[in-house]
Every structure is written in C-alpha cells, then in structure tokens.
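Note sheet for the following structure.
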Amino acid sequence: MTLAGTVRRLAARLIPRRARLEAEHTTIQDVETIPRRRLTLVIGLAVLLVTIPLITLYLLLILSSFADRMLSGPDIFEARYSLENWKLLFQGKLEPAAAQLYTPRDLLVIIANTFIVALGVTAVVIFTSVMAGYAFSRMRFWGRRRLMEFMILLHAFPGVALIIAVYAIYVWSLSGIPRDVLTAYRFTYTIFARAALEIPMSIWLMKGFFDKIPWEIEWSAMIDGASRFRVWWQIVLPLVKPGIAALAIFAFLAGWEDLIYVHVFLYTGGIKTLATFIEEVIGNIETAYLPIAAAAATLYLLPTIVFFVLTQKLLLEAMSGGVKG
C-alpha cells in the first residue's frame, strides 16, 4: 500500500470520528443550555399565569380606592379618579348612607392597635428565637434532636385548630386579672398567643444562621478572655443580623395580618385592629361605601408591600440559607 493510500484511509477514519465528536459536543451543549433556558421560560410563564388573577384583583382594589365606584375590570376606563375616598376614610366616613361612625382619632387608635400587636409579636419572636436558635446550634443536651422534631410538628398545626384550647386558657386566666389592666392583658395575651405560632419555624431559621458561623471564631474570643455571653452578644449576633432582620419581617407581617386571634381576644373586648376594622366594614356592605373600604384595605396592604419591596434579598437569603438542620 502506498503512503498516499494510507493517508486517505486514516483521513476517512478520522473525519467521521471528528464529526461524531462535534455532534456529541453540540448535544451536550444543548442538554446544558437550551433546556435550562426553556425550563426558565416555562416556569416564568407558569408563575405569570398563576399570579395574573391575584395581581389583577390587587390592582382593581388599589384603583377602586381612587375611583367613584368599586371596579370589577372592564369599567376601569369609565370611572372617575380622585383622592376623595382617602379623605373620607381619614374622616371616618365609611358609611355615608348610615352616619359617621368613626372619627379620625378612632382610625388612628385602630392603626396604633395594629402596630402594637405587630411589633409585640416581632419582639417576642425575635427574643425567643435568637436565644433558642443559638442553644440548639451550639449546645448538645439530652433530647435535643427530638425537641427539634417536635417543634416542626408544632409548626404543622394550623392556628385555627389551637384556638379553642388557647381561648379556654384565656377565659380561665381572666378571673385573676384586675379590670384596670384588662386591656393591657388582652394585648399581651394576643401577642404571646400569635407569637407562639411563629416561634417553632423561627427557631429553625435562626439555628440555620448560627450553624453557618464557624466554632473557631467563638473559641478564639473565649481564649482571649471573653465570656460566653460577651462572645454571643458582641461577635455572634452581629454575624446573624441578616437572619434577625428577615425574622423580624416575617414576625411583623404575621402580627400585622392576623385576623383570627385579634378577633377572638381583642375585638370581643371592643379593641379593633385594621383587620377586624375592615372585616366589620365589609360586614355592613349594605350601608358601607365600598370604594372607601377599598381605601382602607389598600392602607392595610401598604406595610406588606413596602416590606416585600425593600427586603426581597433578605427574605430569599433566609429561605435559602437559614433553613439548615
């Protein structure tokens, strides 16, 4: 066989192999990139389709707070828009057909009550969860794992299922409460009862953040003479500030949005929050002016919207990095 013939035969063998390798490389690229893009596109479209009804309803609610009628969709271009509903809301004229039932002071008291419950739940959840999360992360004690599993089980219980037992304890405890501090007791009981529902998962979140801090940092500080509490307060806590901030957001929204517990323990005592206030207005739908009720509902939504817009990064970090066993 001549040299030219040998070269041709080798070329004939190598060229198909090279083409096969290029085809495989293209296939691998397709597997790594194209499906991922399509998957992202499909997930994005699915999320958009699922949330369109929800987004539409919220937009209609917000637009209705500025309109002269309660909007239902097609009539958004026929309505007249102004700030009149918001003006009437802060004047307490939610039911013009019936009478002026609220004063501006009443509305400010209702908003203040809502903040008291939300901030109280936030304080209780943060204090308890930070202390317990550190203990579960750093200390080894008998029953630790079982106790953590029990907390997850507690979180699985819906708050509605516990309301009868919580209410029974509340009624039993009322007999020993002086009447002059009854309002303060109602607030305190509501805050602790609502915070108790948030604490199990919050402890898990904080434990995840504490787990990410290396032991060596604490050991170095203690070798230098710092006490355990000083290390926790001055070194460890600043490192978990994002987790505490995320926890505060979740707890505040839980207290702000709660309806069942504030209805049972506060509303029955004549104390209103924004949730029970809006519920009462909607209950009087025959005499209420619904665009003003829409303004009240939009006011109720504002802290939630502001919090989520400003703290998206913290929330994502808490959900992705904080939940570790």
Side-chain angles (χ1 to χ4, degrees), residues 92 94 101-133 135 147 150-151 153-203 205-206 244 247-284 296-297 299-304 307:
L94 278 90
L101 301 180
Y102 300 95
T103 65
R105 182 180 177 280
D106 293 334
L107 196 60
L108 291 177
V109 169
I110 290 170
I111 295 173
N113 291 340
T114 313
F115 271 106
I116 289 172
V117 174
L119 293 176
V121 171
T122 305
V124 173
V125 169
I126 288 179
F127 178 78
T128 309
S129 302
V130 169
M131 301 284 283
L147 193 55
F150 180 65
M151 284 194 300
L153 181 64
L154 284 178
H155 185 73
F157 282 101
V160 178
L162 301 173
I163 192 68
I164 297 175
V166 178
Y167 184 72
I169 297 173
Y170 170 73
V171 172
W172 171 77
S173 65
L174 278 179
S175 58
I177 304 298
R179 292 186 63 83
D180 53 346
V181 296
L182 188 58
T183 300
Y185 180 72
R186 288 180 188 275
F187 274 108
T188 305
Y189 195 90
T190 305
I191 289 169
F192 276 92
R194 191 63 186 84
L197 299 178
E198 303 298 319
I199 285 174
M201 182 53 71
S202 300
I203 291 175
L205 282 173
M206 287 312 304
I244 296 175
L247 204 65
I249 295 164
F250 287 129
F252 181 88
L253 294 179
W256 182 269
E257 298 171 349
D258 184 73
L259 173 62
I260 298 174
Y261 279 71
V262 296
H263 193 285
V264 172
F265 302 117
L266 293 180
Y267 188 73
T268 53
I271 303 169
K272 296 174 185 175
T273 63
L274 279 174
T276 52
F277 172 70
I278 294 172
E279 182 201 25
E280 182 181 286
V281 171
I282 296 175
N284 299 329
L299 176 67
Y300 181 56
L301 285 175
L302 282 180
T304 305
F307 269 22

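What you are looking at is a predicted structure, and each value in this text was computed from that prediction instead of being measured.
- Counting all heavy atoms, side chain and backbone alike, Ile126 lies closest to Ala248 at CD1-CB, 3.5 Å.
- Of the possible polar contacts, none joining the Tyr170 side chain to the Thr190 backbone as a donor-acceptor pair under 3.5 Å is found.
- Between Leu147 atom CG and Ile203 atom CD1 the span is 8.0 Å, to the nearest 0.5 Å.
- A donor-acceptor contact shorter than 3.5 Å is absent between the side chain of Tyr185 and the backbone of Arg179.
- Nearest approach of Trp256 to Ala118, heavy atoms of both residues: N-CB, 3.7 Å.
- Looking at Val262 and Val117, their side chains come closer than 4.5 Å, going by heavy atoms from C-beta outward.
- Using modelled atom types, one side-chain atom of Asn113 and one backbone atom of Lys272 make a donor-acceptor pair closer than 3.5 Å.
- Considering every non-hydrogen atom in both Pro200 and Met151, the closest pair reads CB-O, 3.3 Å.
- Atoms CD1 and CG, from Ile278 and Leu301 in turn, are 7.5 Å apart once rounded to the nearest 0.5 Å.
- Atoms CD1 and CZ, on Ile271 and Arg186 in that order, are 6.0 Å from each other to the nearest 0.5 Å.
- The main-chain N or O of Val125 is found under 3.5 Å from a side-chain atom of Ser129 such that the two form a donor-acceptor pair.
- Expressed to the nearest 0.5 Å, how far CG of Leu274 lies from CD of Glu257 amounts to 12.0 Å.
- The two residues Thr273 and Ile110 make their nearest non-hydrogen contact at C-CG2, 3.5 Å.
- At a threshold of 4.5 Å between non-hydrogen side-chain atoms, the residues Phe252 and Val121 do not count as touching.
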Item to complete: Report the C-alpha distance between Tyr267 and Glu279 in whole Å, list the side-chain angles of each, state the deciding distance to 0.1 Å, and finish with yes or no for side-chain hydrogen bond (donor to acceptor under 3.5 Å, both in side chains).
Response: CA-CA 11 Å; Tyr267 188 73; Glu279 182 201 25; 5.9 Å; no
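- Leu205 CG to Ile244 CD1: the interatomic distance, rounded to the nearest 0.5 Å, is 12.0 Å.
- More than 12 heavy-atom neighbours from other residues, nucleotides or ligands sit within 6.0 angstrom of CG on Leu153.
- Atom CZ of Arg194 sits about 14.0 Å away from atom OH of Tyr189, to the nearest 0.5 Å.
- Under the 4.5 Å side-chain criterion, counting only non-hydrogen atoms from C-beta, Tyr261 is in contact with Leu162.
- Side-chain atoms of Phe265 and Tyr167, non-hydrogen and from C-beta on, do get closer than 4.5 Å to each other.
- The two residues Asp258 and Ala275 come nearest to each other via the heavy atoms O-CB, 3.5 Å.
- Within a 6.0 Å radius of OH in Tyr300, more than 12 heavy atoms belonging to other residues, nucleotides or ligands are found.
- Taking the side chain as every heavy atom from C-beta outward, Met201 and Phe250 never approach each other to under 4.5 Å.
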